[in-house]
Amino acid sequence: GGRGGDGDDAREGAGAGPGAGAGAPPRGEGPPAAAGASEDLSFREILRFSVPAFGAIICDPVMGFVDTAVVGQVSTLELAALGPNMVIWGAAVFLLNCFVTTTTSRVARAHLAGRADAARRVISDAVWLSAACGAALGAAMYALRSQVFALFGLVGAVAAPARAYYDIRVLSMPGTIMCLALAASCMGRKDSRTPLLVSLFAGLFNLVGDLWCVLGPWRMGAGGASAATCLSIYVAAGAYLWHLHRTVGLDLRVPTWARVRPFVQASGAVVVAAVSPFASGAVDPSAQWPTAASTMHTTGANVTTNNVW
C-alpha cells in the first residue's frame, strides 16, 4: 500500500510540477491558451444572456407596431387616438420603472450569494408591491383622466376613441408593473430565456386579440386594441408567476414594512429621475397633435413615432 501511494505521488508530481518531465509545455505557452479559453467562455455567456434579453425587450415595440397596423385598417381616426395614448401610458409605466432596477439588483445579489430564501422573499415582495403600485397608479390615472386629456389636447372627434383606449388600458396597470418586476426577477437569476418566451407568447396572444377585437366581429377599434393588450399583459403575468412559483417557490404573503423599506429606499432616486422625462413628454407639442393638426396629420405622426421608437 505504501508503495502504491508513493507511485501515485510520483506520477502526480511528474505531471503537475512546472517543468517536470520532458513532455511539459514550454514556459509561457500554457497561460495564454487558458486565458483565451476563459475569454471565449465569457463571450459565449454574454451572448447567451444578452440575445434573449434583447429579444424580450423588442417584443413590446413590436406589439405596438401590431396595434398600429391592425387599428389602421379600421380608420385614421381610430389610429390617431393611439398616438397620445402611447405617450401617456409609456410615461406612466416609466414612472414605476424603478421596480426593474431595484428587483434585478436585489435578486442578483441574493442569487450570487447562494441565498435562495432571500431571493424568494425579494421576488415575493416585488410581486405584492408592483401589483399594489400598479393598482394605485391605474386608479390615479382614471381619476385624472379629464386633466390628462386636457393636457394632451384630446378633444373633438378623436376624444371618443382615445377615451375607449384609455379606460380599458387603466385596468392593465397592476399586471403591467407586475410584469416589470417578474421579468426583472428572472434577469436577476441570470435567466433571460424566460422573459423572451413569455414576451413571444404574449405578443402572439395580442395579435390574435387584435384581429378578433378590432377586425373581427366585435369591431371595437382602438378600444379593441387596448382590450387585447390588457389581456395579453395578464397572460404574461400569469406565465411569469407560474414559472417562478415552479422554480423558486413564491411565498405570496403580505410583506411587512421592514421588507418594504429596502424597495422604497432604493427606488426613491429612480422615481425622482423618472419624473423629468414624464414632465417633458407631457408638454411635448407632438403629443398635442389632435388640436394642432388634422386627423390625417395626426395619424402620420403616430405611425412615424411608433417606427422611430
Side-chain angles (χ1 to χ4, degrees), residues 43-73 79 82-105 107-108 130 134 165 169 172-173 175-211 214 222 225-241 243-244 270 274 277-278 281 284 286-287 300-309:
F43 182 69
R44 286 196 298 269
E45 287 179 347
I46 292 173
L47 285 180
R48 191 179 300 117
F49 180 85
S50 60
V51 171
F54 178 74
I57 290 172
I58 66 173
C59 278
D60 185 65
V62 170
M63 289 172 64
F65 294 154
V66 171
D67 288 345
T68 300
V70 174
V71 172
Q73 302 299 315
L79 184 57
L82 287 181
N85 270 296
M86 296 285 186
V87 176
I88 292 169
W89 292 108
V93 172
F94 189 72
L95 280 175
L96 293 180
N97 203 49
C98 57
F99 278 101
V100 175
T101 305
T102 306
T103 305
T104 303
S105 61
V107 172
S130 59
Y165 186 98
R169 189 62 188 272
S172 72
M173 291 311 296
T176 300
I177 308 304
M178 279 179 60
C179 283
L180 292 179
L182 292 168
S185 300
C186 293
M187 295 291 187
R189 299 175 63 243
K190 298 194 295 185
D191 175 16
S192 60
R193 182 172 175 268
T194 297
L196 173 61
L197 294 177
V198 171
S199 298
L200 289 174
F201 181 68
L204 179 61
F205 191 93
N206 182 66
L207 172 60
V208 174
D210 277 343
L211 294 176
V214 179
S226 182
T229 299
C230 183
L231 290 175
S232 66
I233 286 171
Y234 282 106
V235 166
Y240 276 126
L241 288 172
H243 171 75
L244 288 170
V270 181
F278 176 76
D284 186 353
S286 64
N302 177 32
V303 174
T304 303
T305 302
N306 285 338
N307 288 333
V308 170
W309 282 109

Flag if over 12 foreign heavy atoms under 6.0 Å of CZ, Phe201: no
Side chain Thr104, main chain Thr101, donor-acceptor under 3.5 Å: no
From Ile177 atom CD1 to Leu182 atom CG, the distance as rounded to the nearest 0.5 Å: 11.5 Å
side-chain contact (heavy atoms from CB on, under 4.5 Å) assessment of Thr229 paired with Ser172: CA-CA 8 Å; Thr229 299; Ser172 72; 5.8 Å; no
Separation between SG of Cys179 and CD1 of Ile233, rounded to the nearest 0.5 Å: 6.5 Å
Minimum heavy-atom distance Leu82-Ala222, with the two atoms named: CD2-CB, 4.4 Å
Heavy-atom pair with the smallest gap, counting every atom of Ala228 and Gly209: CB-C, 3.5 Å
Nearest-0.5 Å distance, OG1 of residue Thr176 to OH of residue Tyr234: 7.0 Å
Nearest-0.5 Å distance, CG of residue Asp191 to CG of residue Leu197: 8.5 Å
Pair Leu241-Met178, side-chain contact (heavy atoms from CB on, under 4.5 Å): steps then yes or no: CA-CA 9 Å; Leu241 288 172; Met178 279 179 60; 3.8 Å; yes
Min side-chain heavy-atom separation Pro195-Tyr240 under 4.5 Å: yes
side-chain contact (heavy atoms from CB on, under 4.5 Å) between Leu200 and Cys59, intermediate numbers included: CA-CA 7 Å; Leu200 289 174; Cys59 278; 3.8 Å; yes
Pair Arg169-Cys230, side-chain contact (heavy atoms from CB on, under 4.5 Å): steps then yes or no: CA-CA 6 Å; Arg169 189 62 188 272; Cys230 183; 5.7 Å; no
Which atom of Cys186 lies closest to which atom of Thr194, heavy atoms considered: SG-CG2, 4.0 Å
Exercise: identify the closest heavy-atom pair between Val198 and Ala239: CG2-CB, 4.1 Å
Distance (rounded to the nearest 0.5 Å) between Leu180 CG and Thr102 OG1: 11.5 Å
CG on Asn206 to CG on Asp67, rounded to 0.5 Å: 5.0 Å
Closest contact, heavy atoms only, Phe49 versus Met187: CZ-SD, 3.7 Å
Heavy-atom closest pair, residues Gly134 and Met173: O-CB, 3.3 Å
